[in-house]
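Contents: one structure, followed by commentary.
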Amino acid sequence: QVQLVESGGGLVQAGGSLRLPCAASGRTFGTYAMGWFRQAPGKDREFVACIGLLTGNAYFPESVNGRFTISRDNARNTVYLQMNSLNAEDTGVYYCAASRKGEGLTIVRDYDYWGQGTQVTVSS
């Protein structure tokens with residue numbers, strides 16, 4: 001089992017940047033594929049980014065492609081979401097997730113563990 005704790009959220013102006021770390025407990029972090037999702041009020045949780053277990057390949061939806069990057073540091077048991085050129089549509093609670101499956105995991109049910117989330121608010 002793995003426990004996930006997100007941080008780094010806050011209020012940022014449109015056009016600004018934020019970096020969200022997600023720290024994982026346990027010694028098996030390197031065996032999980034990792035993902036980020038977000039949820040705006042009244043909307044479903046949506047996929048933001050994921051990074052593969054074996055290849056380290058990253059996947060993004062079109063809405064954030066070119067603005068967001070995802071990376072992982074297995075020595076620190078941490079995955080990062082770097083968000084640039086933020087706009088009001090990026091506002092929401094951002095969740096980190098871990099999966100024992102491979103890569104390219106873009107839907108909620110592919111993930112086994114979730115963090116509590118961190119709020120990101122972008123002011124226009």
Side-chain angles (χ1 to χ4, degrees):
Q1 188 168 350
V2 62
Q3 292 183 324
L4 305 171
V5 179
E6 306 94 336
S7 61
L11 176 65
V12 62
Q13 288 187 335
S17 298
L18 279 176
R19 187 192 194 204
L20 305 183
C22 171
S25 65
R27 293 177 289 180
T28 59
F29 175 75
T31 66
Y32 290 90
M34 301 299 297
W36 285 93
F37 289 74
R38 67 187 180 191
Q39 190 166 18
K43 295 188 177 181
D44 292 335
R45 195 168 296 191
E46 67 171 345
F47 168 70
V48 173
C50 67
I51 186 165
L53 168 60
L54 297 178
T55 65
N57 289 339
Y59 300 84
F60 307 91
E62 186 174 347
S63 58
V64 307
N65 195 28
R67 300 188 297 122
F68 290 13
T69 59
I70 184 172
S71 60
R72 63 189 299 162
D73 185 341
N74 289 343
R76 297 179 183 273
N77 281 11
T78 303
V79 62
Y80 302 94
L81 182 68
Q82 177 68 42
M83 307 186 293
N84 300 325
S85 302
L86 287 162
N87 57 60
E89 287 69 40
D90 296 316
T91 293
V93 178
Y94 281 69
Y95 297 92
C96 173
S99 173
R100 287 167 289 192
K101 297 180 182 179
E103 66 175 65
L105 308 173
T106 64
I107 59 176
V108 170
R109 66 173 180 264
D110 279 334
Y111 289 85
D112 306 295
Y113 304 103
W114 293 84
Q116 294 300 306
T118 184
Q119 176 70 46
V120 171
T121 303
V122 184
S123 62
S124 57

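All residue numbers in this chain count up from 1 along the given sequence. Everything quoted here is computed from the prediction, not taken from an experiment. Side-chain atoms are counted along with the backbone in the values below, which use heavy atoms only and exclude waters and symmetry mates.
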Is the number of heavy atoms from other residues, nucleotides or ligands within 6.0 Å of CD (Gln116) greater than 12? no

Is there a side-chain contact between [X] and [Y], using heavy atoms and a 4.5 Å cut-off?
X	Y	result
Met83	Val120	yes
Gln1	Tyr113	yes
Asn84	Phe68	no
Val79	Cys96	yes
Met34	Ser71	no
Val48	Phe60	no
Thr118	Leu20	yes

Roughly how far, to the nearest 0.5 Å, is [atom2] of [Y] from [atom1] of [X]?
X	Y	atom1	atom2	value
Ser99	Asp110	OG	CG	6.0 Å
Thr121	Asp90	OG1	CG	11.0 Å
Glu6	Tyr94	CD	OH	12.5 Å

Using the ring of Phe29 (Phe, Tyr or Trp, six-membered ring only), decide whether Arg76 places NZ or CZ under 6.0 Å from its centre and within 45 degrees of its axis. no

Is it possible for you to check whether Arg19 lies under 6.0 Å from the centre of the six-membered ring of Tyr80, through NZ or CZ, and within 45° of that ring's axis?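 Verdict for Tyr80: a cation-pi partner in Arg19.
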
Show the nearest heavy-atom pair for residues Ile70 and Ala58, with the distance to one decimal.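 Nearest heavy atoms, Ile70 then Ala58: CG2-CB, 3.6 Å.
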
Val108: partners by side-chain contact (heavy atoms from CB on, under 4.5 Å), with sequence neighbours left out: Phe37, Arg45, Trp114

Residues that Cys50 engages under side-chain contact (heavy atoms from CB on, under 4.5 Å), provided they are two or more places apart: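 If we apply the side-chain contact (heavy atoms from CB on, under 4.5 Å) test to Cys50, skipping adjacent residues, the hits are Phe47, Tyr59, Tyr111.
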
Val122 backbone acceptor or donor facing Thr91 side chain under 3.5 Å: yes

Any donor-acceptor N or O pair under 3.5 Å, side chains Asn65, Arg67: no

Are Val93 and Val12 co-members of a hydrophobic cluster defined by side-chain heavy atoms under 4.5 Å apart?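 Unlinked, Val12 and Val93 end up in two clusters.
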
